[in-house]
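Chain letters run A, B, ... following the sequence lines, proteins first, then strands; residues in each count from 1.
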Amino acid sequence: MTEPERPSDFIRDVVAEDIRAAKYEKIVTRFPPEPNGYLHIGHAKSICLNFGIAREFVGICNIRMDDTNPAKEEAEYVESIMTDVRWLIEGWADNHLGGAPFYASDYFDKFYEYAVDLIRQGKAYVCDMTPEETDAYRRLGKASGFRDRSVEENLDLFARMKAGEFPDGARTLRAKIDVNAANVWLRDPVLYRIRHASHHRTGDKWCIYPMYDWAHTLSDYIEGITHSICTLEFEVHRSLYDWILDALELPEPRPHQYEFARLNLTYSVMSKRKLVQLVNEKLVNGWDDPRMLTISGLRRRGVTASVLRAFAYNIGITKYPSMTDMALLEHTMRDEFNRTATRRLAVLRPIKVVLTNYPEGKTEQLEAINNPEDANAGTRKIPFGRELYIERNDFMETPPPKYFRLKPGGEVRLKYAYIIKCDEVVKDGAGNVIERRCTVDLDSKSGGPTAGRKVKGTIHWVSAADAIDAEVRLYDRLFSVPEPDSGGDFKSFINSGSLEVVNAKCELALAGARPEERYQFERLGYFALDPDSTGEKQIWNRTITLRDTWAKEAKKS
RNA sequence: UGCCUCGUGGUGUAAUGGUAGCACAAGAGAUUCUGGAUCUCUUUGUCUAGGUUCGAGUCCUAGCGAGGCAGCCA
């Protein structure tokens, strides 16, 4: 799927209109993650939106760590976030990155000055109520007993809060708005709380920390953000966002907040809390487990940044809390890889075939096409010999109807090679087939003058004498139900078959495989080299299977 | 309960008062040295009831349904 120049949605419509009206000199968006976890595909949607707008409207997009809560944030996460964002926008919108990254914590001094200003204007006060009291009063629409403290007293108390005179939770700074407001976020929201905690960047300099609304609004203003785009749950915060800008009498141009629906995908969970659980309880192998829909997991699995960007375009931007079908993500992968992946032959679950009328010790080099979708991809040679491996499920002793693969007495074409016929099966003492003895039709060689004879099935194979061994990790959806989130313990819906490890036989050309290249193992799926691979041992991750209409057909009966 | 927002095929989206379209999924067929890809065709939709208008998915009113918020988290 080629990426269009400019997708259309209600937010881009606003941006386009603001440009038409010359409301801003330059469009500035931002991506503001809290560094308390790894980025996932839902963040990718937001990154593509914000950087996409910057790119399409010739603006910039700031990455800003929203690090206002020292209890939850760590430098490790900053690293992973930057790696993931850079990877996702590389070669696409990286020259629209506005000097990255920014940190809300760099603005703590400014936030403090703005707070003092607010107090001076009589628009904020220090409140001594406990969290429980604050909560109860807010529900009742009742004013705090500390609401009418004098400006001088508020100034003094706030300074002493900053100086560390009070323990955690003893006091807060609250905006003085309207204790009875219909929107509870306007019922004198807390602006600062006391936390004697060490911050990953500011260390022990501060013991008061700004709340989200205060920090976020002012960060946007300080950075000259024009369009502050967030998810739906912040909708009710918008009037507080605007109140802060008004109360401080900040001059135009001011930022405006817009909200869109976060991504939900079937067969997955998206909340950071649940992803943390999967990691901490070792239900997956870390944040970058290829089954995780984290950006790092998807990357490791073999998904490319361009696939994620195309997907972000495919799903669109709306305010409707939708549930996107995982099949759409999978389709987007196949769509790209079909055009770009290098074809190779590999046998995942090898079984042996002996060609009884083919000379022992003889090897032929057969020509194979690297990518039928790309004429420039060229060809390669594959060795062929008397003993071969074929896929276990490409042979059946007693096959169902419409089975086009190898069966006793039946014929099948070996891709890029010959038509073979299965004459005999050799069994061990337990009655298991251990070897298939076949004869080759030497007139049927692919590309040869008499190759025209048709048989119904074509299968892949690898020459036993020339095969290389590799570990292949076969990944599937992490959850076995469409909505693991919808009730009960989501962990009980984990797909027990989401990872299967096999020892495969691969064609020789795969020895030179490169990690950044995508491969199609013909008839099987798309694969990428795992970073755990070494010079001695390749490890492959299956990114996604090919569409398999036979599997569907077989399931019917 | 209060406040906010949102309802277009199974799913995701488009149509900015003027022919309800696209993609995914599903189904049928053609083709194929990948049961892939490609091509053709098919099924399925504007939450309900009123109103405004020559004309409503779009505007208005009411209802119904869904989601979000009600942390000293973000």
Side-chain angles (χ1 to χ4, degrees), chain A residues 1 7-10 13 32-34 36 66-69 71-73 127 129-132 134-135 138-139 141 168-174 181-187 189-195 208-209 211-213 215-216 230-239 259 261-262 266 272 314-332 334-335 338-339 343 345 368-369 372-373 402-405 412-417 419 444 446-447 451-460 482 520-525 545-554:
Chain A
M1 206 149 299
S8 173
D9 54 64
F10 72 97
D13 288 348
E34 183 188 13
N36 69 344
D66 217 345
D67 54 351
T68 57
N69 184 354
K72 294 165 69 177
E73 294 145 10
C127 179
M129 292 200 297
T130 64
E132 295 71 28
T134 308
D135 191 46
R138 186 156 24 222
R139 282 169 201 277
D168 286 3
R171 289 189 160 90
T172 58
L173 182 73
R174 292 231 258 159
N183 180 349
V184 293
W185 284 100
L186 262 20
R187 317 245 271 218
V190 172
L191 265 22
Y192 272 91
R193 77 283 215 187
I194 300 172
R195 285 285 174 278
I208 55 171
Y209 289 93
M211 296 290 291
Y212 164 82
D213 296 282
H216 199 87
C230 57
T231 44
L232 252 24
E233 66 267 31
F234 295 101
E235 214 153 20
V236 287
H237 292 243
R238 192 172 61 232
S239 45
E259 309 88 18
R262 66 181 336 136
T266 57
K272 226 180 250 181
N314 283 343
I315 58 180
I317 300 291
T318 65
K319 300 190 81 155
Y320 182 76
S322 55
M323 177 64 72
T324 298
D325 195 337
M326 178 66 84
L328 183 59
L329 209 211
E330 297 172 343
H331 163 79
T332 311
R334 292 186 182 111
D335 188 58
N338 175 51
R339 285 181 284 105
R343 270 60 169 180
L345 301 186
I369 294 166
E373 306 291 323
K402 290 194 274 185
Y403 185 82
F404 304 150
R405 285 110 99 141
V412 75
R413 173 171 287 281
L414 298 173
K415 179 87 178 176
Y416 298 127
I419 293 170
S444 65
S446 295
R453 189 160 74 89
K454 303 281 184 200
V455 290
K456 193 68 183 166
T458 300
I459 63 174
H460 59 282
Q520 184 197 100
F521 293 175
E522 292 212 34
R523 303 209 306 134
L524 297 170
T545 61
L546 254 32
R547 276 184 69 216
D548 190 350
T549 48
W550 166 246
K552 223 182 283 178
E553 182 71 29

*Residues two or more places apart in sequence or in another chain: which of them pass side chain to side chain contact (heavy atoms under 4.5 Å, CB included) with A/T68?*
A/D66, A/A104, A/F108, A/P210, A/A215
*Residues two or more places apart in sequence or in another chain: which of them pass salt bridge (charged side-chain N to carboxylate O under 4.0 Å, His left out) with A/D135?*
A/R139
*Between protein and nucleotides 40-45 of chain B, map the contacts as a letter string: B base, S sugar-phosphate only, - none, heavy atoms under 4.0 Å, written 5' to 3'.*
------
*Could one point to a donor on the side chain of A/E259 or the base of B/rU5 with an acceptor on the other under 3.5 Å away?*
no
_It should be established whether A/R262 places a side-chain nitrogen or oxygen under 4.0 Å from OP1 or OP2 of nucleotide B/rG68._
no
*Check for a donor-acceptor pair, side chain of A/R405 on one end and backbone N or O of A/T458 on the other, with a separation under 3.5 Å.*
no
*Please report, rounded to the nearest Å, how far the C1' atom of B/rG71 is from the CG atom of A/D168.*
15 Å
*Assess whether side-chain contact (heavy atoms from CB on, under 4.5 Å) is satisfied between A/R343 and A/E373, documenting all intermediate values.*
CA-CA 10 Å; A/R343 270 60 169 180; A/E373 306 291 323; 3.8 Å; yes
*Nearest-Å distance for atom pair CZ/P, residues A/R523 and B/rU34*: 10 Å
*Could you tell me the separation between the CG atom of A/L524 and the P atom of B/rG35, rounded to a whole number of Å?*
10 Å
*Pairing residues for A/V455 by the side chain to side chain contact (heavy atoms under 4.5 Å, CB included) criterion, not counting sequence neighbours*: A/E411, A/R413, A/I419, A/R453
*Give the ring-plane orientation class for A/W185 versus A/H237, where under 30° counts as parallel, over 60° as perpendicular and anything between as tilted.*
tilted
*Using a 4.0 Å heavy-atom cut-off across all strands, classify A/M326 as base, sugar-phosphate, or nothing.*
nothing
*Check whether any side-chain nitrogen or oxygen of A/T332 sits under 4.0 Å from OP1 or OP2 of B/rC24, and answer yes or no.*
no
*Please, which pairs that meet salt bridge (charged side-chain N to carboxylate O under 4.0 Å, His left out) have at least one residue in residues 318-329 of chain A, sequence neighbours excluded?*
A/E235-A/K319, A/E259-A/K319
*Taking atom P in both B/rU34 and B/rG68, what distance in whole Å separates the two?*
48 Å
*B/rG9 to B/rG51 separation - C1' atoms, rounded to the nearest Å*: 28 Å
_Euclidean distance for P, B/rA56 against B/rC22 (whole angstrom)_ = 23 Å
*Let me know the distance between CD of A/E132 and P of B/rA70, rounded to the nearest Å.*
16 Å
*Spell out protein contact along nucleotides 7-17 of chain B as letters: B when the base is contacted, S when just the sugar-phosphate is, - when no protein heavy atom is under 4.0 Å; keep the 5' to 3' order.*
S---SSSS-B-
_By the 4.0 Å heavy-atom rule, please label A/E522 as base, sugar-phosphate, or nothing._
base
*Measure distances between side-chain N and O atoms of A/H237 and base N and O atoms of B/rA70, and say whether any donor-acceptor pair falls under 3.5 Å.*
no
_Length of the CG-C1' vector between A/D135 and B/rC69, whole Å_ = 13 Å
*Using the test side chain to side chain contact (heavy atoms under 4.5 Å, CB included), find all partners of A/R193 that sit at least two apart in sequence or belong to another chain.*
A/N69, A/R195, A/Y209, A/M211
*Should A/D548 and A/K552 count as side-chain neighbours, where that means a heavy-atom distance under 4.5 Å?*
no
*For B/rC73, does OP1 or OP2 lie under 4.0 Å from any side-chain N or O of A/R193?*
yes
*Between B/rG35, B/rC24, B/rC3, spot the one nearest the side chain of A/T549, thanks.*
B/rG35
*Counting any heavy atom closer than 4.0 Å, what does A/T68 reach on the DNA or RNA strands: base, sugar-phosphate only, or nothing?*
sugar-phosphate
*Hey, does A/K402 reach any base, or is it just sugar-phosphate, or nothing, if we go heavy atoms under 4.0 Å?*
base
*What form does the base of B/rG10 take, syn (within 90° of 0) or anti?*
anti
_Separation of B/rA74 P from A/D66 CG (nearest whole Å)_ = 7 Å
*Indicate, yes or no, whether a donor-acceptor pair under 3.5 Å links the base of B/rG36 to the side chain of A/E373.*
yes
*Any residue meeting ring pair (Phe, Tyr, Trp, His ring centres under 6.0 Å) with A/F521, in chain and number order, not counting sequence neighbours*: A/F527, A/W540
*Using only heavy-atom distances, decide whether a donor-acceptor pair under 3.5 angstrom links the side-chain of A/R334 to the base of B/rG36.*
no
*Kindly say if A/R343 contacts the phosphate of B/rG36, meaning a side-chain N or O under 4.0 Å from OP1 or OP2.*
no
_Rounded distance in Å - CG (A/L345) to C1' (B/rU34)_ = 9 Å
_For Watson-Crick and G-U wobble pairs within 3.5 Å on both distances, what is RNA chain B written in dot-bracket notation, | included for inter-strand pairing?_
(((((((..((((....[..)))).(((((.......)))))....(((((..]....))))))))))))....
*Dump the intermediate steps for side-chain contact (heavy atoms from CB on, under 4.5 Å) on A/T266 and A/M323, then the final yes or no.*
CA-CA 7 Å; A/T266 57; A/M323 177 64 72; 3.7 Å; yes
*Using a cut-off of less than 4.0 Å, is there contact between a side-chain N or O of A/H331 and OP1 or OP2 of B/rC24?*
yes
*asked:* Any base atoms under 4.0 Å from A/G141, or only sugar-phosphate, or nothing? Heavy atoms, all strands.
replied: nothing
*asked:* Mind checking if A/Y403 touches a base, just sugar-phosphate, or nothing, with heavy atoms under 4.0 Å?
replied: base
*asked:* Using the ring pair (Phe, Tyr, Trp, His ring centres under 6.0 Å) criterion, which residues pair with A/H460? Sequence neighbours excluded.
replied: none
*Just do the side-chain contact (heavy atoms from CB on, under 4.5 Å) check on A/L524 and A/L546 with the steps written out, would you?*
CA-CA 6 Å; A/L524 297 170; A/L546 254 32; 5.9 Å; no
*Which is true for A/F234 with a 4.0 Å heavy-atom rule: it touches a base, it touches only sugar-phosphate, or it touches nothing?*
base
_Within the 4.0 Å heavy-atom criterion, would you say A/N36 contacts the bases, only the backbone, or no part of the nucleic acid?_
nothing
*Distance-only polar pair, side chains of A/D9 and A/T318, donor-acceptor under 3.5 Å*: no
*Scan A/P372 against the nucleic acid and name what it touches under 4.0 Å (heavy atoms): base, sugar-phosphate only, or nothing.*
base
*asked:* Checking A/P131 now: which residues fulfil side chain to side chain contact (heavy atoms under 4.5 Å, CB included) with it, not counting sequence neighbours?
replied: none
*asked:* Base, sugar-phosphate or nothing for A/Y416? Non-hydrogen atoms, less than 4.0 Å.
replied: base
*Earlier contact from the 5' end, RNA chain B, for A/R405 and A/R238*: A/R238
*Looking across every strand, which nucleic acid part, if any, lies under 4.0 Å from A/R139 by heavy atom: base, sugar-phosphate, or nothing?*
sugar-phosphate
All N/O pairs under 3.5 Å across the protein-nucleotides 26-31 of chain B interface:
from	atom 1	to	atom 2	distance (Å)
B/rA26	OP1	A/K552	NZ	3.0

*Toward the 5' end of RNA chain B, which comes first, A/A417 or A/P33, by nearest nucleotide?*
A/A417
*Which part of the nucleic acid, if any, lies within contact of A/V236, taking any heavy atom under 4.0 Å across all strands shown: a base, the sugar-phosphate backbone alone, or nothing?*
base
*Looking at every strand, decide which applies to A/K415 at a 4.0 Å heavy-atom threshold: base, sugar-phosphate, or nothing.*
base
*asked:* Mind checking if A/K456 touches a base, just sugar-phosphate, or nothing, with heavy atoms under 4.0 Å?
replied: nothing
